[in-house]
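One structure is given here, and the rest of the page talks about it.
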Amino acid sequence: NAASVKGMLAKSNYRYFSYTFNQLLTYDRKFNDKHHIDFLAGHEYYDYEVSSLSATKSGFPFGGIYELAGATTITDASSLKDSYTIESYLFRANYDYMDKYYLSASFRTDGSSRFYRDSRWGQFWSLGASWRVSQENFMQSVNWINNLTLKASFGSQGNDNIGSFAYTNLYTLTIAGTTTIS
């Protein structure tokens with residue numbers, strides 16, 4: 001009897017889990033109070049997972065039931081699982097002469113789960129130089145400038161902010177007796 005069917009109940013469960021694992025090795029040395037070098041080499045691994053399950057049912061025979069099993073009709077049900085990992089290897093070298101002239105170089109390679117397995121890794125680099133003009137003798141009488149630096153750099157960068165499994169949108173799947181999924 002439809003008149004005796006009451007209520008609607010929705011339940012959801014979400015789980016998030018992530019961690020980052022870093023290893024860094026540094027070297028820093030000054031020579032003759034004029035030359036300064038520092039190096040950094042490292043590895044980073046990041047993992048993120050999320051899963052969810054939600055359902056809504058209606059058609060309870062009487063009130064006071066707080067579990068989905070007591071209802072007769074599934075109104076909505078869905079689940080989701082997503083994961084994302086990235087692994088990186090990196091290197092950076094810096095040199096400065098008399099705290100005035102600076103050179104820097106960096107290189108990193110990153111592998112992201114958001115790209116297809118054969119195209120997962122990218123390499124990125126940069127080069128830079130700077131001159132602290134305010135440290136020069138001819139600038140010592142200019143008291144209204146604390147730190148004037150001229151900088152130039154060039155390099156490459158990447159971005160994997162495309163969402164998980166974005167490359168799967170390139171495929172079409174047809175299952176016999178159903179509609180097409182793209």
Side-chain angles (χ1 to χ4, degrees), residues 12-54 78-173 182:
S12 299
N13 183 13
Y14 295 92
R15 181 177 184 258
Y16 300 92
F17 179 73
S18 71
Y19 66 92
T20 303
F21 187 55
N22 290 310
Q23 304 83 45
L24 298 174
L25 184 62
T26 60
Y27 177 80
D28 193 321
R29 178 108 190 246
K30 208 167 206 179
F31 303 95
N32 306 358
D33 291 331
K34 291 184 180 184
H35 304 280
H36 175 234
I37 59 171
D38 73 84
F39 298 102
L40 171 85
H43 170 261
E44 180 177 43
Y45 182 82
Y46 173 73
D47 191 341
Y48 169 81
E49 291 183 18
V50 61
S51 62
S52 69
L53 174 66
S54 62
S78 66
S79 66
L80 166 82
K81 182 167 184 163
D82 189 13
S83 64
Y84 167 59
T85 58
I86 186 165
E87 185 168 20
S88 303
Y89 298 92
L90 52 115
F91 175 78
R92 184 196 68 211
N94 291 321
Y95 169 76
D96 76 78
Y97 178 72
M98 296 179 56
D99 204 23
K100 290 186 204 179
Y101 313 105
Y102 298 85
L103 297 173
S104 66
S106 69
F107 177 80
R108 69 181 294 137
T109 182
D110 299 312
S112 173
S113 65
R114 290 187 170 160
F115 298 113
Y116 181 67
R117 187 177 307 121
D118 293 343
S119 304
R120 189 155 286 170
W121 288 87
Q123 288 74 38
F124 310 100
W125 60 272
S126 71
L127 297 172
S130 64
W131 172 32
R132 285 185 65 193
V133 181
S134 56
Q135 295 294 97
E136 296 292 347
N137 289 337
F138 64 85
M139 292 292 293
Q140 298 308 308
S141 62
V142 182
N143 57 7
W144 54 274
I145 294 178
N146 294 335
N147 187 8
L148 175 64
T149 304
L150 180 62
K151 298 179 181 183
S153 62
F154 187 77
S156 65
Q157 63 182 10
N159 184 349
D160 71 348
N161 192 15
I162 59 172
S164 296
F165 309 110
Y167 63 86
T168 59
N169 292 334
L170 302 174
Y171 303 100
T172 301
L173 174 64
S182 323

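Just so it is clear, the model here is predicted, and its values are computed rather than measured. We use all heavy atoms of the structure for the numbers below, so side chains are in, but hydrogens, waters and symmetry mates are not.
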Can you check whether [X] reaches [Y] side chain to side chain, under 4.5 Å on heavy atoms?
X	Y	value
Thr85	Tyr46	no
Tyr45	Tyr19	yes
Phe31	Ile37	yes
Leu40	Leu25	no

Rounded to the nearest 0.5 Å, how far apart are [atom1] of [X] and [atom2] of [Y]?
X	Y	atom1	atom2	result
Ser113	Arg120	OG	CZ	6.0 Å
Tyr16	Ser52	OH	OG	7.5 Å
Asn32	Tyr97	CG	OH	9.5 Å
His43	Tyr89	NE2	OH	4.0 Å
Ser88	Trp121	OG	CH2	7.0 Å
Tyr102	Leu150	OH	CG	13.5 Å

Quick one: does [X]'s side chain have a donor or acceptor within less than 3.5 Å of a partner on [Y]'s backbone?
X	Y	result
Gln140	Ser134	yes
Asn159	Asn161	yes
Thr109	Gly122	yes

Discussion item. Quick check: closest heavy atoms across Phe138 and Ser141, and the distance to 0.1 Å?
Written reply: O-OG, 4.3 Å
Please determine, by modelled atom types, if [X] and [Y] share a side-chain donor-acceptor pair under 3.5 angstrom.
X	Y	result
Arg15	Ser51	no
Asn94	His36	no
Tyr48	Asp82	no
Tyr95	His35	yes
Ser112	Asp110	no
Ser54	Ser78	yes

Discussion item. Suppose the criterion is salt bridge (Lys or Arg N to Asp or Glu O under 4.0 Å): which pairs have a residue in residues 38-48, not counting sequence neighbours?
Written reply: Asp38-Arg92
Item to complete: Can you tell me which residue pairs pass the salt bridge (Lys or Arg N to Asp or Glu O under 4.0 Å) test with a partner in residues 129-142, sequence neighbours excluded?
Response: Asp99-Arg132, Lys100-Glu136
Discussion item. Using the rule given for side-chain contact (heavy atoms from CB on, under 4.5 Å), can you reason through Tyr84 versus Asp160, listing the C-alpha separation, both sets of side-chain angles and the distance that settles it, and then say yes or no?
Written reply: CA-CA 10 Å; Tyr84 167 59; Asp160 71 348; 2.6 Å; yes
Worksheet entry | Check: Trp125 ring centre within less than 6.0 Å of Phe154 ring centre | yes
Discussion item. Out of the candidates Ser106, Ser156, Ser104, only one should pair with Ser126 under the side chain to side chain donor-acceptor pair (under 3.5 Å) rule; please name it.
Written reply: Ser106
Practice prompt. Dump the intermediate steps for side chain to side chain donor-acceptor pair (under 3.5 Å) on Asp28 and Thr26, then the final yes or no.
Written response: CA-CA 7 Å; Asp28 193 321; Thr26 60; over 6 Å; no
Item to complete: Evaluate whether atom CG of Asp33 has more than 12 neighbouring non-hydrogen atoms of other residues, nucleotides or ligands under 6.0 angstrom away.
Response: no
Worksheet item: Does CD in Gln157 sit with more than 12 non-hydrogen atoms of other residues, nucleotides or ligands closer than 6.0 Å?
Response: no
Discussion item. Run Met139 and Ile145 through side-chain contact (heavy atoms from CB on, under 4.5 Å) and show every step you take.
Written reply: CA-CA 8 Å; Met139 292 292 293; Ile145 294 178; 3.7 Å; yes
